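What follows is a short report on a single structure.
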Amino acid sequence: MAAQRDPEALAAARPLLTDLYQATMALGYWRAGRAREQAEFELFFRGCPFGGAFALAAGLRDCVRFLRAFRLRDADVQFLASVLPPDTDPAFFEYLRAVDCSDVTVPLLQVGGPLLVVQLLETPLLCLVSYASLIATNAARLRLIAGPEKRLLEMGLRRAQGPDGGLTASTYSYLGGFDGSSNVLAGQLRGVPVAGTLAHSFITSFLGTEVPPDPMLAPAAGQGPRVDLAACVEVWLDRVCAHLGRGVQEPHRGERAAFVAYALAFPRAFQGLLDTYSVQRSGLPNFLAVALALGQLGYRAVGVRLDSGDLLRQAQEIRKVFRTVAAHFQMPWLESVSIAVSNNIGEEELARLAQEGSEVNVIGIGTSVVTCPRQPSLGCVYKLVSVGGQPRMKLTEDPEKQTLPGSKAAFRLLRADGSPLLDVLQLADEQPPQAGQELRVWPRGAQEAWTVKPARVEPLLRLWVQRGQLCEPLPSLAESRAFAQLSLHRLSPEHKRREQPSPYPVALSDKLRALVASLLAGGSS
């Protein structure tokens, strides 16, 4: 089975991660003799999230893994028997034991196959796609605000909606453009680069009276005598404080002991958390003393982090100190030591930190990326569009909730510069649009047709699963991330604005529009 070959398959979702009405409808289809009738559903959302102009579709890999591993175990069937009516025909449960997705076809994201099976897939697929796409889009917005030079780290596991939400957020924030995560499990299971150093608790745990069992450190080059790092730091502290005009008693002893302990453990990756006590009076001079002591031995500190206060102003002040100290002690590498910041950073603060001259290199974001406070749900839906080869359309009192009938194809029409012109939906049996040829389309909500002439045409649907088999290898997370970033790079400035609705529409072909009009009028399909 696919699940045995792929240990991530069962982690993606289980068959009973669903709503009960999927099972009650399955029973209804089976009782009506329609279980194997061919049907097609579409999974989509009605509007771009966060009031913006784009969304990143994510979750395909999890969906495919789920479909390939889909099988109701004995315990699953027994539980369904306990919650469905007691007089349910036992033959229905025997039928469920044999159900799998070997007859399901998935282009992203149209799902076709036996009616009973593709109905059962509704809730799990929505669960796998909706949050992943929301997180990826939110991360992409934050990346566009930060610009290409800042390093963004996701560190929201402790704020996420449970362990599954935390793993999803870490995975798809990376796809959306973050550089890494603090989540170790995301690194192990999904290949997300992980990063992390130390918290305030590590620093406050030291009083300054602790004696390292081995305070000696060898030079980075491996040659020469080992040096007592703690003693060397005290010598450097005198010199640093004299240069900064501070009393040698001001820097906190416990903080300095914590920095020394961390430097002994990570001499090639030393980073100081500066704001446990006072950045200017304690954290900065203590960090400099340890960094310069390491520098004397040939090591280079990698950075500092700030977690409170005016992050922009403090980063600028710290960079000035780095420059003067680097020049004074002739250690030029100190000028470019990385400055990382965190502290409940949202879009507005991120824009401030990303401005020119901010001196911030790394930005850690937690709550604002994993909880998507500006829009906590994408609102994806999963709607039936055909049964037995006949189109189906939801006619509703709310025009926005009407569905588009029939099996469809989708294409993105591009201008010569590669920017999007519009997306067009058409029936699957229509001739695809051609580059350089005029095409008559109907933008959604427009009363008149447009004539467009695309320079390029890209199909938006690809066949991924057919009869339980992959049609082509799934891209890795890193490959998907690269493709997403390329797509974002192609967006126009208008698309990239945070509160800018999409300037290009979704349009219907003549034939699809005529089918919609016919069904709305009550005519034959």
Side-chain angles (χ1 to χ4, degrees), residues 11-13 17 49-52 55-56 58-59 62 127-146 150-204 271 273-276 303 305-312 340-354 360 362-380 477 481 498:
L17 184 69
F50 311 107
L56 289 182
D62 291 336
C127 181
L128 290 170
V129 170
S130 295
Y131 184 56
S133 299
L134 187 72
I135 287 289
T137 305
N138 192 30
R141 284 167 58 86
L142 295 170
R143 166 52 70 194
L144 289 173
I145 295 169
K150 305 296 183 187
R151 189 162 181 252
L152 294 182
L153 296 179
E154 178 273 318
M155 45 193 297
L157 180 58
R158 63 189 65 190
R159 304 284 187 258
Q161 292 89 339
D164 291 339
L167 180 59
T168 299
S170 299
T171 301
Y172 292 106
S173 62
Y174 177 63
L175 185 146
F178 275 53
D179 296 286
S181 170
S182 65
N183 188 341
V184 178
L185 187 62
Q188 181 191 37
L189 292 182
R190 301 298 180 87
V192 176
V194 294
T197 52
L198 69 164
H200 293 293
S201 56
F202 182 84
I203 294 172
T204 57
Q271 183 173 0
L273 179 58
L274 301 189
D275 62 322
T276 303
R305 181 163 72 92
L306 299 167
D307 193 47
S308 61
D310 187 332
L311 301 175
L312 175 64
V341 297
S342 56
N343 187 25
N344 200 27
I345 295 170
E347 289 191 5
E348 300 305 322
E349 178 65 5
L350 179 59
R352 183 169 175 261
L353 294 171
V360 171
V362 182
I363 303 171
I365 304 179
T367 304
S368 293
V369 65
V370 304
T371 66
C372 302
R374 294 175 62 86
Q375 181 175 327
S377 173
L378 182 55
C380 286
L477 180 62
R481 180 181 186 273
R498 279 180 280 168

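Nothing here was measured: the structure is a model prediction, and the numbers come from that model.
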What pair of heavy atoms forms the shortest contact from Asp307 to Ser342, and how long is it?
OD1-OG, 2.7 Å

Would you give the length of the straight line joining atom CZ of Arg352 to atom CG of Leu311, rounded to the nearest 0.5 angstrom?
8.0 Å

Begin with the C-alpha distance, continue with both residues' side-chain angles, and end with the deciding distance and a verdict on side-chain contact (heavy atoms from CB on, under 4.5 Å) for Thr197 and Leu273.
CA-CA 9 Å; Thr197 52; Leu273 179 58; over 6 Å; no

So do Pro49 and Leu134 actually touch side chain to side chain, heavy atoms under 4.5 Å?
yes

Backbone N or O of Leu198 within a donor-acceptor pair of the Arg305 side chain at under 3.5 Å?
yes

Spatial distance of atom SG (Cys372) from atom CZ (Arg141) [nearest 0.5 Å]
10.0 Å

Any heavy-atom pair between the side chains of Ile363 and Leu350 that's under 4.5 Å?
yes

SG of Cys380 to CG of Leu128: how many Å apart, nearest 0.5 Å?
11.0 Å

Can you list everything that forms a side chain to side chain donor-acceptor pair (under 3.5 Å) with Ser170? Sequence neighbours excluded, please.
Glu154, Ser181, Asn183

Polar side-chain atom of Lys150 near backbone of Ala354 as donor-acceptor pair, under 3.5 Å
no

For the CG atom of Leu142 and the OG atom of Ser368, what is their distance to the nearest 0.5 Å?
7.0 Å

Strictly distance-based, threshold 3.5 Å: is any side-chain N or O of Asn138 a donor or acceptor partner for the main-chain N or O of Val369?
yes

Should Thr371 and Arg159 be marked as a side-chain hydrogen bond (donor to acceptor under 3.5 Å, both in side chains) after you check the CA-CA gap, both sets of side-chain angles, and the distance that decides it?
CA-CA 8 Å; Thr371 66; Arg159 304 284 187 258; over 6 Å; no

I'd like to check Leu353 versus Ile345 (side-chain heavy atoms, cut-off strictly below 4.5 Å). Are they in contact?
yes

Do you know the tightest heavy-atom contact between Arg190 and Leu477?
O-CD2, 3.4 Å

Kindly give the heavy-atom pair with the smallest separation between Ser308 and Asp275, and that separation in Å.
OG-OD2, 2.5 Å

Nearest heavy-atom neighbours spanning Gly166 and Leu157
CA-CD1, 3.7 Å

Closest non-hydrogen contact found for Ala340 with Gln271 is CB-NE2, 4.0 Å

Could you grab the distance from atom CE of Met155 to atom OG of Ser173, nearest 0.5 Å is fine?
12.0 Å

Close side-chain approach of Phe178 and Ile365, heavy atoms under 4.5 Å
yes

Distance, nearest 0.5 Å, that separates CD1 of Ile135 from CG of Leu175
11.5 Å

Give a yes or no answer on whether the side chain of Thr137 reaches the backbone of Leu56 with a donor-acceptor pair at less than 3.5 Å.
yes

Is there a donor-acceptor contact under 3.5 Å from the side chain of Asp179 to the main chain of Leu152?
yes

Sub-3.5 Å donor-acceptor pair from the side chain of Arg481 to the main-chain atoms of Tyr174, do we have one?
yes

Test side-chain hydrogen bond (donor to acceptor under 3.5 Å, both in side chains) applied to Tyr172 and Asp62, step by step
CA-CA 11 Å; Tyr172 292 106; Asp62 291 336; 2.9 Å; yes

